[in-house]
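Structure first, then comments.
Throughout, a chain's letter reflects where its sequence line sits, starting with A, and its residues are numbered from 1. Since this is a predicted model, take the numbers as computed values, not measurements.
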4 protein chains.
Amino acid sequence: MKNQKPKYMQIIDAAVITIAENGYHQSQVSKIAKQAGVADGTIYLYFKNKEDILISLFREKMGHFITDLEEVTRSKNTASEKLLLLIENHFRRLSEDYHLAIVTQLELRQTNKDLRLQINSILKGYLKLVDKILVEGIEKGEFDKDLDIRLARQMIFGTIDETVTTWIMNDHKYDLVGLAPKVHQLLINGCGNKN
Amino acid sequence: MKNQKPKYMQIIDAAVITIAENGYHQSQVSKIAKQAGVADGTIYLYFKNKEDILISLFREKMGHFITDLEEVTRSKNTASEKLLLLIENHFRRLSEDYHLAIVTQLELRQTNKDLRLQINSILKGYLKLVDKILVEGIEKGEFDKDLDIRLARQMIFGTIDETVTTWIMNDHKYDLVGLAPKVHQLLINGCGNKN
Amino acid sequence: MKNQKPKYMQIIDAAVITIAENGYHQSQVSKIAKQAGVADGTIYLYFKNKEDILISLFREKMGHFITDLEEVTRSKNTASEKLLLLIENHFRRLSEDYHLAIVTQLELRQTNKDLRLQINSILKGYLKLVDKILVEGIEKGEFDKDLDIRLARQMIFGTIDETVTTWIMNDHKYDLVGLAPKVHQLLINGCGNKN
Amino acid sequence: MKNQKPKYMQIIDAAVITIAENGYHQSQVSKIAKQAGVADGTIYLYFKNKEDILISLFREKMGHFITDLEEVTRSKNTASEKLLLLIENHFRRLSEDYHLAIVTQLELRQTNKDLRLQINSILKGYLKLVDKILVEGIEKGEFDKDLDIRLARQMIFGTIDETVTTWIMNDHKYDLVGLAPKVHQLLINGCGNKN
DNA sequence: AATGAATGAGACTTCATTCAT
DNA sequence: TATGAATGAAGTCTCATTCAT
């Protein structure tokens, strides 16, 4: 693990709260520092610059998430079951940390192209996991053998992402995790073997 | 040689090019004005402020698009055919105007919440059209009668959106329109009547 | 008379209204033009620049006023009576045109030094009239023969001016003209106990 | 070599000099900052905005002045003597700081209504002191028992103010403080012949 | 004479980052 | 390590004035 020092995570957690509550453009370094209970300058002892806070935030929070997902899905036998677990975990994770959900779904997208490229590279792990499940499903005959993996992955990720974003935009007033089975069914139908 | 385009559209087109080429945060009003071939102050004869350029841009470009889609889909009989037309048109529209694609998929999302709320309200027309197709499909027995329309809509929009974004992130090096039938098949399977 | 063309006075009157209602800094040339019912550019056919409108405004409105005062005071025999007439006329004039009062007492003072120097030179005629009354009063034995004319003039003008300004600042909610006799008495007698 | 003055007063003093020498409208924040020997941004660590500099300037410079006047006049027994002290101190204060005199008499009056309202509220203390002297003078029989206090106050303030402004407009080429006794005499006795 | 669309210079303010302590 | 006062670059918008019609 990169940095076990308390202040490092302290600042990242402060950034999540600050950004969720004030929005990305109203989250000045000084505001994050105050939330973290450190001086402005201290931030720069732990992060190269402001962008580095955001990338680190995403890496720490989503990196663990992806590792967890890999472990969890290993326990299931079928691709379909793995996909359900993935969706459920994804939804649960963001349901449990509403601040983080706002930050990753809404606020972190207001950043420039460079930052988003770096975020995408972190997301690659997630997409690779989806691909692995798809390949396995095809091999096992659960999914259509002519399935275009790239498109299927985009459908799965796009649907999950859009579902979460809509949930946030509606002030998370309904149960997100409860939607998992239905979303799973939709996606399985999409990938499914028609015959 | 006078430019016959009214200044209003001239400035919007200049904004699309400038933002696509320089990124949202590097598209100063002065840069847009220079691209449009007008003085900085002229911008403010046609737009209330910078944000107004962006909202107008989206409304002009996407508003027409939605109206067009409504007309085009009317010509087809089945919901499935309508959905295919919708996907094809969406892909074609953004394929044909790569600058616009970058702006709507990447750059316009870096804006503040207010602006995105306005953009979302314009998008409502698109989402309503998707809903209409879904309802029709269910009534005609093409789609599962227990289909959750909101989730299906999120799948359709999320998949299309993610497909376009990925295409742009990969520097549009493959044919987007050509993907339409396969994307359509994936989505139809998802919504489809299983029995 | 300098300019008898209707538009000239039309623009000056529009300037008085616009400045009185919106304040000096919110009275753009375009706003004055709209109030006058002419195009922006037309203003520049009658005035060299914006400052010229203000100077002309002051000259037209106050120039006549000073000429009038000279005539009116000629009818009286004593300096004291002349001073009373001067005060009464000054107060009446501004009471009758509240817009003009606001403009000359408050708004026109927010201008730069150059403009105020020109305004002061117009005011010279007024101050000369006061001086003439003072000299006459001394010669006739009404006033102290050792009176410092410059200081006395500053007292008279300063007192009148301050009285009008205070009246405006209090939203002209009391009768200004009615104060004339008392102000006159003060100036003639001062605060002193005569016995 | 560090400047020991706290930055707050350093900036206010710089503003007085800058405004006196360049005029209000040519006193950009950057010019004041340069005069103060600080960076532009530093201004905003001590003042909310540009207007706040001016209000603070007036409060610091005139607030103390009014407090001083209250103390000084307490040492005298008669209202007449107190008035003389007030005039002398007023004149001396502005004679000694010519820059400040220009700023308060000419430049600060070119500001918008909001700012002037705030300035007026600071001036209230001065006017109250005048009122106190007048009341005392009436009670002691020095002044006419029928004296209209509001008008008398306007005469006193108006005369003093006009005298200072005229002195500045004449490039302070004569001794202002030396005028105090005569101004005092005028105000006490008026223009009238005492015989 | 009259129009009014177009011009473009100019300034306040913010905030990521630094560095002396 | 930690601080936080100080920095200074950079951009949106206004509005007096012009000039082609």
(request) Compare side-chain N and O positions of A/Tyr44 against OP1 and OP2 of E/dC19 and report whether any pair is under 4.0 Å apart. (result) no

(message) Please report the distance, rounded to the nearest Å, between CD in D/Glu51 and P in E/dA11.
(response) 18 Å

(message) If you assign each of B/Gly37 and D/Lys48 to its closest nucleotide in DNA chain E, which residue comes earlier from the 5' end?
(response) B/Gly37

(message) Distance check needed: F/dT3 C1' versus A/Lys7 NZ, whole Å only.
(response) 10 Å

(request) Have a look at B/Phe47 and say if it touches a base, only the backbone sugar-phosphate, or nothing, with a 4.0 Å heavy-atom cut-off. (result) nothing

(request) Tell me the partner of E/dA9, counting only Watson-Crick (N1-N3 plus N6-O4 or O6-N4) or G-U wobble (N1-O2 and O6-N3) with both under 3.5 Å; none if nothing fits. (result) F/dT14

(message) Measuring from the side chain of A/Asn49 (C-beta onward, heavy atoms only), which nucleotide among E/dT7, E/dC12, E/dT17 has the closest atom?
(response) E/dT17

(message) Reading DNA chain E from 5' onward, which residue's closest nucleotide shows up sooner: B/Val38 or A/Gly41?
(response) B/Val38

(message) Partner lookup for E/dA1, please. Criteria are Watson-Crick or G-U wobble with both distances under 3.5 angstrom; report none if nothing qualifies.
(response) none

(message) I'd like to check A/Lys61 versus A/Val103 (side-chain heavy atoms, cut-off strictly below 4.5 Å). Are they in contact?
(response) no

(message) Strictly distance-based, threshold 3.5 Å: is any side-chain N or O of D/Lys50 a donor or acceptor partner for the main-chain N or O of D/Val29?
(response) no

(request) Taking the six-membered ring of B/Phe47 (Phe, Tyr or Trp), confirm whether the NZ or CZ of B/Lys7 is under 6.0 Å from its centre and within 45° of its axis. (result) no

(message) If you compare every side-chain N and O of D/Lys50 against the phosphate oxygens of E/dA11 (OP1, OP2), does one of them come in below 4.0 Å?
(response) no

(request) Please state whether the phosphate of E/dA5, meaning OP1 or OP2, lies under 4.0 angstrom from any side-chain nitrogen or oxygen of B/Tyr46. (result) no

(message) Could you tell me how far apart A/Lys31 (NZ) and E/dT14 (C1') are, to the nearest whole angstrom?
(response) 12 Å

(request) Tell me which nucleotide among F/dT12, E/dG4, E/dA2 gets nearest to the side chain of C/Asp40. (result) E/dG4

(request) Nearest whole angstrom, please: distance from the C1' of F/dT14 to the CD1 of B/Ile43. (result) 14 Å

(message) Using whole Å, what does the distance between atom C1' of nucleotide F/dC13 and atom CD of B/Gln28 come to?
(response) 14 Å

(request) Rounded to the nearest angstrom, tell me the gap between atom CD1 in D/Ile53 and atom P in E/dA11. (result) 15 Å

(request) Could you tell me which nucleotide pairs with E/dA20 by Watson-Crick or G-U wobble geometry, both distances under 3.5 Å, or answer none if nothing does? (result) F/dT3

(message) Does a side-chain N or O of A/Thr42 approach OP1 or OP2 of F/dT3 to a distance below 4.0 Å, or not?
(response) yes

(message) If I take atom CD1 from residue A/Ile11 and atom CD1 from residue A/Ile53, how far apart are they, to the nearest 0.5 angstrom?
(response) 7.0 Å

(message) Could you check whether any side-chain N or O of A/Lys31 sits under 3.5 Å from a backbone N or O of A/Thr18, counting only pairs where one atom can act as donor and the other as acceptor?
(response) no

(message) Distance check needed: E/dT3 C1' versus C/Leu45 CG, whole Å only.
(response) 9 Å

(message) By the 4.0 Å heavy-atom rule, please label D/Val29 as base, sugar-phosphate, or nothing.
(response) base

(message) I want to verify a distance call: between E/dA6, F/dT7, F/dA6, whose nearest atom is closest to the D/Ala39 side chain?
(response) F/dT7

(request) Nearest whole angstrom, please: distance from the P of F/dA9 to the NE2 of B/His25. (result) 22 Å

(message) Could you go through A/Leu106 and B/Arg109, starting from their C-alpha distance and side-chain angles, then the distance that decides it, and tell me whether this counts as side chain to side chain contact (heavy atoms under 4.5 Å, CB included)?
(response) CA-CA 9 Å; A/Leu106 300 185; B/Arg109 308 198 175 187; over 6 Å; no

